[in-house]
S.K.: 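Supplied in structure tokens, the structure appears directly below.
Residue numbering restarts at 1 for every chain, and letters A, B, ... go by the order of the sequence lines.
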Amino acid sequence: MIKRTLNPAHFALLPMAFAAVAVYLGSMLWTLRISMSSSRSLPLHDFVGLAQYQRLFTNERWLHSLHNLAIYTPLFIVACLCVGFLLALLVDRQASGGGVLRAVFLYPYALSFIATGLIWQWLLNPELGIQQAAHEWGFGGFRFDWLVDPERVIYTLVIATVWQCAGLVMAILLAGLRGIDADILRAARLDGVPAWRIQVSIVVPMLAYSFATATLLLLTAAVKLYDAVIAMTQGGPGTASEVPAKFIMDHLFGRANIALASAGATVMVLTAVALLAPLFYARHRARRANR
Amino acid sequence: MTRRGHRDPAWWGLAALALSAAAFFLLPLYVMAITSLKPMEEIRLGHLFAWPTQLSLDAWRAAWSGACTGVACEGIRGGFWNSVSIVLPSTIIAITLGALNGYALAYWRARGAALLFGLLMIGAFIPVQVLMFPLVRMLGPLHLVGSLPGIVLVHVIFSMPIMTLIFRNHFAALPRELFLAARLDGAGFLRIFVLLMLPLSVPMLVVAAIMQATGVWNDYILGLVFAGREHLPMTVQLNNLVNTTTGTKLYNVDMAATLLTSLVPLTIYVLSGRWFVRGIAAGAVRG
Amino acid sequence: MASVTVRNFSVTLGAQPVIDALDLDVADGEFLVLLGPSGCGKSTLLNAMAGLVDTSGGRIEIDGVDATWATPRERNIGMVFQSYALYPTMSVAGNLSFGLRARGVPRAEVQQRVQRAAALLQLEPLLSRKPSQLSGGQRQRVAIGRALVRDARVFLFDEPLSNLDANLRASLRRELKLLHQRLGSTMIYVTHDQVEALTLATRIAVLYNGRIQQLGTPTEVYDRPANRFVASFIGAPPMNFLEGRVSITQGLRRFSVAGLELDLGHYRPDADPLAEGETLELGVRPEHLRLCDDGTHEAEVTLTEPMGNSSIIWLRCGGAQWAALAAQQSLPRVGSSARFEIDTTGLTLFRVGDGTRR
Amino acid sequence: MASVTVRNFSVTLGAQPVIDALDLDVADGEFLVLLGPSGCGKSTLLNAMAGLVDTSGGRIEIDGVDATWATPRERNIGMVFQSYALYPTMSVAGNLSFGLRARGVPRAEVQQRVQRAAALLQLEPLLSRKPSQLSGGQRQRVAIGRALVRDARVFLFDEPLSNLDANLRASLRRELKLLHQRLGSTMIYVTHDQVEALTLATRIAVLYNGRIQQLGTPTEVYDRPANRFVASFIGAPPMNFLEGRVSITQGLRRFSVAGLELDLGHYRPDADPLAEGETLELGVRPEHLRLCDDGTHEAEVTLTEPMGNSSIIWLRCGGAQWAALAAQQSLPRVGSSARFEIDTTGLTLFRVGDGTRR
Amino acid sequence: PRAEVMHWWTSGGESAAVRTLADAYRAAGGIWLDTAIAGSEQARAVAMSRIAGGDPPTAALFNASRQFRELIDAGLLNNVDAVAERDHWAQFLPPSILEAVRINGHYYAAPVSIHMPTWLWYSRSAFRKAGIAAEPRDFTELFAALDKLKAAGLIPLAHGGQAWQDNIVFRAVLANQGGADLYLRVLRDRDPRAIASSEFRGVLLTFKRLHSYVDAGSPGRNWNDATTLLITGRAGVQIMGDWVKAEFATARQQAGRDYGCIPGFGAHSPYIVQGDAFVFPKSSDPQALRAQQLLAGVITSPTAQLAFSSRKGSIPIRGDIDSRTLDACAQLGVAIMKDRTRQLGNDESYLTPDQNGAMADVLTDYWNRDRDVAAVQRNIAAALRD
Ligand SMILES: Nc1ncnc2c1ncn2[C@@H]1O[C@H](COP(=O)(O)OP(=O)(O)OP(=O)(O)O)[C@@H](O)[C@H]1O
Ligand SMILES: Nc1ncnc2c1ncn2[C@@H]1O[C@H](COP(=O)(O)OP(=O)(O)OP(=O)(O)O)[C@@H](O)[C@H]1O
Ligand SMILES: [Mg+2]
Ligand SMILES: [Mg+2]
């Protein structure tokens, strides 16, 4: 708006600048460097070019991990957004029970996955959990054994993680919902718009920013998916539910190959850049237009 | 339309939906709870949903003050105050910075800010474990490793991308006229932030608090590396209790411990409810 | 197409009651203008009629059927909100067409109705804009358009023209009148512009203190205000009020005020005839003070306010301030003395206590 | 306390230029009223002056010093937004006092100023309310109050009274005038109400197509409009426009239009004298058509619009439509014939091409 | 002297065990600061980063393997030669352990315990139900027993379908069917010919054949849940390390009475030695060195060893002590250990963690899906190549 000789924002943003440059950029460069070394459990500073990347992309398990992530991420995000939005509406509608419901939908987020993962492992275990219970209640034909099915195990991860994160999405959207001017919704009701249509055509677009927040949040969570896998499947059956983050972590620690792990991390970051850059640019343009 | 509400079938539909959703969400909690109330013998029988034949709080007692987590066998209570003393500053500082960043990014054109933010967001895609090592290298010389300030700093740094994102988008969604009016009234950067923007962000602040407090409270890996022996958070004990490779497992204690640990975030959630105020920006501008 | 009947209707916002036990009958096809001071509850009443705010009591009937609990959709009401309440994420076209699409009107018709509304409101060049990219008046016009594209049974307008320039306002006023005649739908119209009120209304309702003060045709309300409030509220520049006494000398009633003696021969009181010595408040509209060189009364000009095609001239006479409306351009000098006469056919008398019309 | 000078000022919103290369000098202590059709860029101009929108070119000086890049605070401008932009989380009192507290005015004084403003705007009972609990007009008054509590060097009002009832508007109008005289601060005032424009303005600027069409005193603008647009835009009911020819018979200039012959003796053209046979457009204001039984022209009454203290009477005469403003109450029957005469001192002539005044 | 000791022994039995060490150390006049971190990888990672970050613990637990080689090469560890010479470690340490802790002539770690990861456990009640009279003495008998169990409607092989557990089963087969020679040629020498050999092929086939005896719920299951199946008599056999005993113990079951343990098939079956050892990071703190020396001495001392092993379920690192106080299975183990020829190193003492992991990936994949054996052999070869 106005050219200012001294912009207070610059001062306010100093901590961010420090974090972004010193920590994040620094670490990223460091990681990049290590990914080009032959480091094992301790960082070495020799140079082996792209050997690690070569090894990475000839590694069955890494490729399969990427494949899994490609399946998991969209499912997880979409499911979370839909469920979260639905929950937000439910909570928003309940004048009285709202508080309780909110807590109910939110609590999974408070539990560490070490334990809840185990619970899900049990619930989904055909010999132990839901399928078993169904059989005991006389639904002999009922089958729900995704957890032990290499083809489907990835979906069980979606279920459990959505269960965990939907509440948070709900909270974010709820906060957005509370900002909407009631008159606009009234106008829509006067227009004779069915309730669902109001939500879809007016509320959702007005929550665009909240959705953007949630989506980005979930995206980072999805890419970093690790705890749930460890707690529920340990990547199994076989390597059916392996994910990049676990690959990276395994090599970072157990398999003492931080060079390869760094290479993996670098690849993830580059993917993120590839995903985000256009998004950011578009948003930037849009904001400009509205000013 | 509360009074009208009860009449129409849609309301009942929603209520039913709400209940079934709640049931689905509560199922794991139910299993956890009853497991924590069963003795191991019963758990071994593997009837997941069966109600305990005799309820016993032993597991809870053990989890809180008896179970072994190494040489010490004092349950998880040890780290409680450590956790608190880590969570409070981490949450407050992180949210303050996040809100400030978001505000500055959304309203004040600072050259290069967008770029920094992009950088930050990209950083959010790296697993913390990867960043841990370089960060140790960085903070080691500053004698920040193994101290309370150290761990707080680390938490603040790792949460900055998301916190900033939340608030940036929140402020971007507000009607810009408000900011302009305040500028015209002669209010400066901080005054607008404190008196106008923060009150307008109460629900977002709550969400941020929920996220940050929970995240920090449940973290143990960073705590292990950066907090130092004196400040180990209680999740380290929890982890030692629950997460062992070749040791014996006492599921009832594990579950009790997990539930105990999550009590603090849960209370925050319940209490936060009343701050989800309606219509923050209502009546601001016409259009 | 619909009559609206409101029976001891009450609305409470926050703590205090805004509308209390209000009765109002709007005949089918009527154009009712709702007048009232700022904050008297006009918008609230409209919202309640539309079923957008909870009523704390009473019932509302549309076409004789109870609609107290009917959903807005069932009521099929079109409304222009005072705070335009446009859909911020939709283009102007989207704002106009949303209601129609939601009601499943065929595409082609939607198209053509939107076009018509846009043309009427001079919005064509803006159809693709977002509300945030519109000027105040343009937003208001979109708000009007959104109500007009639908053929509702009842239209509620909440100060729809307040932010438009005179010409646009005049033409839209005319359009609304025609529209009303064409559709014959019932219209309830809140305005602060008395020209709008008097030109559009079939009847005017004056709302104050949560109750209807007077309900009547424009001329009734203007010429025979039910009480002092109505008289003071309608008419700009406002009526002159002066306290005085009735005197009867050999059969003719006169009213002595501020040293003047006014003939009450033409005055027809609502109730029993005026009595000797009654103390009443006189109301004279400025246009009934005519300045002319052969005027019966002498006064000093204290202030003049030119208003283009007419001007207000403030006169002091017998210690009292009088406002006179003068059509002519050539204004008397301030401080000069002027002669004027009072058109006694236009007098109104109010009781001093409750201000009701005598 | 400050003069405002705008030099070839341009603002581009979205794609298209809204203000282009505009020059405007507002003298110190002036009360400039900005008139213009909806969407012509009035608010944009105000925002730009306040430094709230990017200017794509030009400079603005306050008190002779360049303020193009000054912060809003440095400019010390008070503004009433058209969309009120109240602080939703603050009470009315908070909204009013925010600016003062921001400038470090001592508590006591803040208190007392807020009280004064609240009293002036009849907001006392609402001081503790949140904007969302206010009526439209009350919100607007808060917006006004927020600007008035501060003694800014320059005040910008964007249609500040549009949603208030006539009485409130009249009294606030008077208050503003007094305030302006007391503070002597410069005021720039956007309105669509010509009474406001004519009563408040020391000068009027008519904005159209991104440029100032005319800048002058109310009477200048009203009586000697610079061009057809200004003439048509100011004055309600609007001026009558009819095309005709100049004829000169033995020295007397006359104007023949729609079968009438009007004497141009009083007419003083801007430029060189009128020539025989010139085709021009005649502008006659309705108040210059006087109906009287001894009128020179005969016409048929086609429509009458009562407006309380006056009425518009539409006449057909010689195939042309004329609007006449009549003060009297007793209206001629529609369809009846009436006699009228035209006050030739009030004629205006415009060139047919560019519509500039002849 | 103060010693901060970092280890991953957190669960009930484990902490009881480590407490004996702590007590012993205190008795010797030291101050034991306990830093327990569940999960061996986790613990090692933290140790690593703390060593790198410049505030190392006094002692950190590692597996007696190549895990701490780089720390040594980077000169980050102190040696405890003095203690080792004094106490003549060379004489009583099993060769595989010695190999791991003595790097080019210096002792860089103090071993604490020996686990045997490939025990074969069986539930007596299950065997009774299935009518199995004798312990299986080779794979044919094992499979026969498994078939009987299946026929009896029990879960023949209780198995937790996690990579590392699959790996244990594999090594059990490799050691017992392939024999010590093949075991070493594959894991230590990483000999392609051995991997391509038909013997190895046979091992893989047997390994895969075992999969047909696990239940549907196996994948992802924790080892102790598998053991629970034995405890409750729902399953017959489990192949797992001797830490299982702790699980039996908490369920108040006794070796010999309620369950049986088979170290391997035949009189000469190899005995896989998986050792744990403490390493001693260099640090600025002068008294750390004394603490480390003391610690090394204490934890390897016979009394401490005995006390520790009895609680940990492992066997002592030294054969020169009276082990009659230990449980039946442990005594069995001690007995076998006397014959050095039967000792085999654990895979991680031959392979880098990286190679090990790569092989584990191949194996678990083979275990869970239908893979052509030849392909698997090739993949293993590839995994072990670099
Ligand atoms: N949410 C609320 N809580 C309390 N009082 C309210 C609320 N909303 C409105 N009011 C009060 O109700 C009264 C009526 O409001 P309403 O908007 O109907 O007035 P109005 O007649 O439309 O005035 P205007 O002409 O200024 O729009 C006002 O005095 C307002 O202060
Ligand atoms: N963000 C924007 N992008 C594009 N065009 C815009 C934007 N904002 C306003 N405009 C256009 O700029 C023009 C001037 O707007 P402005 O608000 O100044 O008009 P105005 O004179 O105040 O009209 P009104 O009397 O209706 O308030 C309008 O035609 C409007 O459509
Ligand atoms: Mg209103
Ligand atoms: Mg405007």
S.K.: Under 3.5 Å, what donor-acceptor pairs does chain B form with chain E?
M.R.:
residue, atom, partner, partner atom, Å
E41(B), OE2, R252(E), NH1, 3.4
R44(B), O, R234(E), NH2, 2.6
V71(B), N, D34(E), OD2, 2.9
V71(B), O, R19(E), NE, 3.0
Y220(B), OH, Q42(E), NE2, 3.0
R229(B), NE, E4(E), OE2, 3.4
R229(B), NE, T35(E), OG1, 2.9
R229(B), NH2, D34(E), O, 2.7
N240(B), O, T10(E), OG1, 2.9
N240(B), OD1, A38(E), N, 2.8
N240(B), ND2, A36(E), O, 2.7
T245(B), O, W223(E), NE1, 2.5
T246(B), OG1, E14(E), OE2, 3.2
G247(B), N, E14(E), OE2, 3.3
T248(B), N, S11(E), OG, 3.1
Y251(B), OH, N224(E), ND2, 3.1
Y251(B), OH, D225(E), OD1, 2.5
Y251(B), OH, D225(E), OD2, 3.0

S.K.: Side chain, backbone, both or neither: which part of L33(E) has a non-hydrogen atom closer than 4.5 Å to chain B?
M.R.: both

S.K.: Below 4.5 Å from any heavy atom of chain B, which atoms of A22(E) appear? Answer side chain, backbone, both or neither.
M.R.: side chain

S.K.: Counting only heavy atoms not in L271(B) (residues, nucleotides, ligands), do more than 12 fall under 6.0 Å from its CG?
M.R.: yes

S.K.: Heavy-atom pairs under 4.5 Å with chain E are the metric here; pick the option from V253(B), L45(B), L241(B) that has the most.
M.R.: L45(B)

S.K.: For L250(B), is it the side chain, the backbone, both, or neither that has a heavy atom closer than 4.5 Å to a heavy atom of chain E?
M.R.: neither

S.K.: Please list, chain by chain and in numerical order, all residues satisfying side chain to side chain donor-acceptor pair (under 3.5 Å) with S262(B), sequence neighbours excluded.
M.R.: none

